[in-house]
Amino acid sequence: WISSALFALMVALTWVPMVVGEYGLSYAAPMLLADALVSVFVVKLLRSRTPTEGRWAMRALYISASLGLLAFLVGATQK
(Lines give C-alpha, C1' and ligand atoms only; values in the text may rest on other atoms or scores of the structure.)
Protein backbone atom coordinates (compact mmCIF):
# COMPACT_ATOMS: atom_id res chain seq x y z
CA TRP A 1 0.00 0.00 0.00
CA ILE A 2 3.01 2.30 0.37
CA SER A 3 3.63 2.50 -3.38
CA SER A 4 -0.07 3.14 -3.94
CA ALA A 5 0.02 6.01 -1.45
CA LEU A 6 3.09 7.49 -3.15
CA PHE A 7 1.48 7.30 -6.58
CA ALA A 8 -1.68 8.91 -5.16
CA LEU A 9 0.47 11.71 -3.74
CA MET A 10 2.09 12.11 -7.14
CA VAL A 11 -1.34 12.50 -8.75
CA ALA A 12 -2.28 15.19 -6.23
CA LEU A 13 1.00 17.06 -6.71
CA THR A 14 0.67 17.15 -10.50
CA TRP A 15 -2.05 19.78 -10.12
CA VAL A 16 0.07 22.21 -8.09
CA PRO A 17 1.56 23.98 -11.16
CA MET A 18 -1.94 24.42 -12.60
CA VAL A 19 -3.38 25.77 -9.35
CA VAL A 20 -0.60 28.32 -8.88
CA GLY A 21 -1.00 29.47 -12.50
CA GLU A 22 2.32 28.21 -13.78
CA TYR A 23 0.77 26.17 -16.64
CA GLY A 24 -2.45 26.35 -18.60
CA LEU A 25 -4.75 23.97 -20.47
CA SER A 26 -1.94 22.57 -22.58
CA TYR A 27 -0.64 21.10 -19.32
CA ALA A 28 -4.00 20.12 -17.81
CA ALA A 29 -5.37 18.03 -20.67
CA PRO A 30 -2.52 15.50 -20.94
CA MET A 31 -2.05 15.43 -17.16
CA LEU A 32 -5.73 14.59 -16.67
CA LEU A 33 -5.29 11.55 -18.91
CA ALA A 34 -2.04 10.50 -17.23
CA ASP A 35 -3.53 10.96 -13.74
CA ALA A 36 -6.58 8.92 -14.72
CA LEU A 37 -4.35 6.07 -15.91
CA VAL A 38 -2.26 6.18 -12.75
CA SER A 39 -5.40 6.21 -10.60
CA VAL A 40 -6.86 3.18 -12.39
CA PHE A 41 -3.66 1.19 -11.95
CA VAL A 42 -3.31 2.21 -8.29
CA VAL A 43 -6.75 0.71 -7.69
CA LYS A 44 -5.73 -2.42 -9.61
CA LEU A 45 -2.58 -2.66 -7.49
CA LEU A 46 -4.56 -2.36 -4.27
CA ARG A 47 -7.00 -5.03 -5.45
CA SER A 48 -4.37 -7.45 -6.72
CA ARG A 49 -4.68 -10.87 -5.13
CA THR A 50 -1.55 -12.52 -6.45
CA PRO A 51 2.05 -11.38 -6.89
CA THR A 52 1.60 -11.69 -10.66
CA GLU A 53 -1.35 -9.30 -10.62
CA GLY A 54 0.63 -6.91 -8.43
CA ARG A 55 3.64 -6.98 -10.77
CA TRP A 56 1.39 -6.33 -13.76
CA ALA A 57 -0.20 -3.35 -12.00
CA MET A 58 3.22 -1.95 -11.03
CA ARG A 59 4.48 -2.23 -14.61
CA ALA A 60 1.37 -0.43 -15.82
CA LEU A 61 1.90 2.22 -13.14
CA TYR A 62 5.48 2.80 -14.24
CA ILE A 63 4.42 3.10 -17.87
CA SER A 64 1.55 5.48 -17.07
CA ALA A 65 3.82 7.56 -14.79
CA SER A 66 6.33 7.77 -17.65
CA LEU A 67 3.55 8.98 -19.92
CA GLY A 68 2.69 11.53 -17.24
CA LEU A 69 6.29 12.75 -17.26
CA LEU A 70 6.13 13.07 -21.03
CA ALA A 71 2.84 14.97 -20.72
CA PHE A 72 4.45 17.28 -18.18
CA LEU A 73 7.36 17.98 -20.51
CA VAL A 74 5.06 18.64 -23.46
CA GLY A 75 2.85 20.90 -21.34
CA ALA A 76 5.87 22.77 -20.02
CA THR A 77 7.11 23.52 -23.51
CA GLN A 78 3.68 24.86 -24.51
CA LYS A 79 3.64 27.35 -21.64
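Worth knowing before you read on, the calculation uses all heavy atoms, side chains too, and leaves out hydrogens, waters and symmetry mates.
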> Which distance, rounded to the nearest 0.5 Å, do you find between the CD of Glu53 and the NZ of Lys44?
Replying inline: 9.0 Å
> Which distance, rounded to the nearest 0.5 Å, do you find between the CZ of Arg55 and the OG1 of Thr50?
Replying inline: 7.5 Å
Is [Y] reachable from [X] through a run of I, L, V, M, F, W or Y residues, each pair having side-chain heavy atoms under 4.5 Å apart?
X	Y	value
Leu32	Val43	no
Leu9	Val16	yes
Ile2	Val42	yes

Just list the side-chain donor-acceptor pairs under 3.5 Å for residues 57-76, sequence neighbours left out, or say none.
unit_1, atom_1, unit_2, atom_2, d
Ser64, OG, Ala60, O, 3.0
Ser64, OG, Leu61, O, 3.1
Ser66, OG, Tyr62, O, 2.9

> Could you give all pairs that pass the ring-ring contact (aromatic ring centres under 6.0 Å, His included) test and reach residues 29-56, with sequence neighbours left out?
Replying inline: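 For residues 29-56: Phe41-Trp56.
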>> side-chain contact (heavy atoms from CB on, under 4.5 Å) for Phe7 and Leu45? Distances and angles first, verdict last.
In response: CA-CA 11 Å; Phe7 276 110; Leu45 178 62; 5.6 Å; no
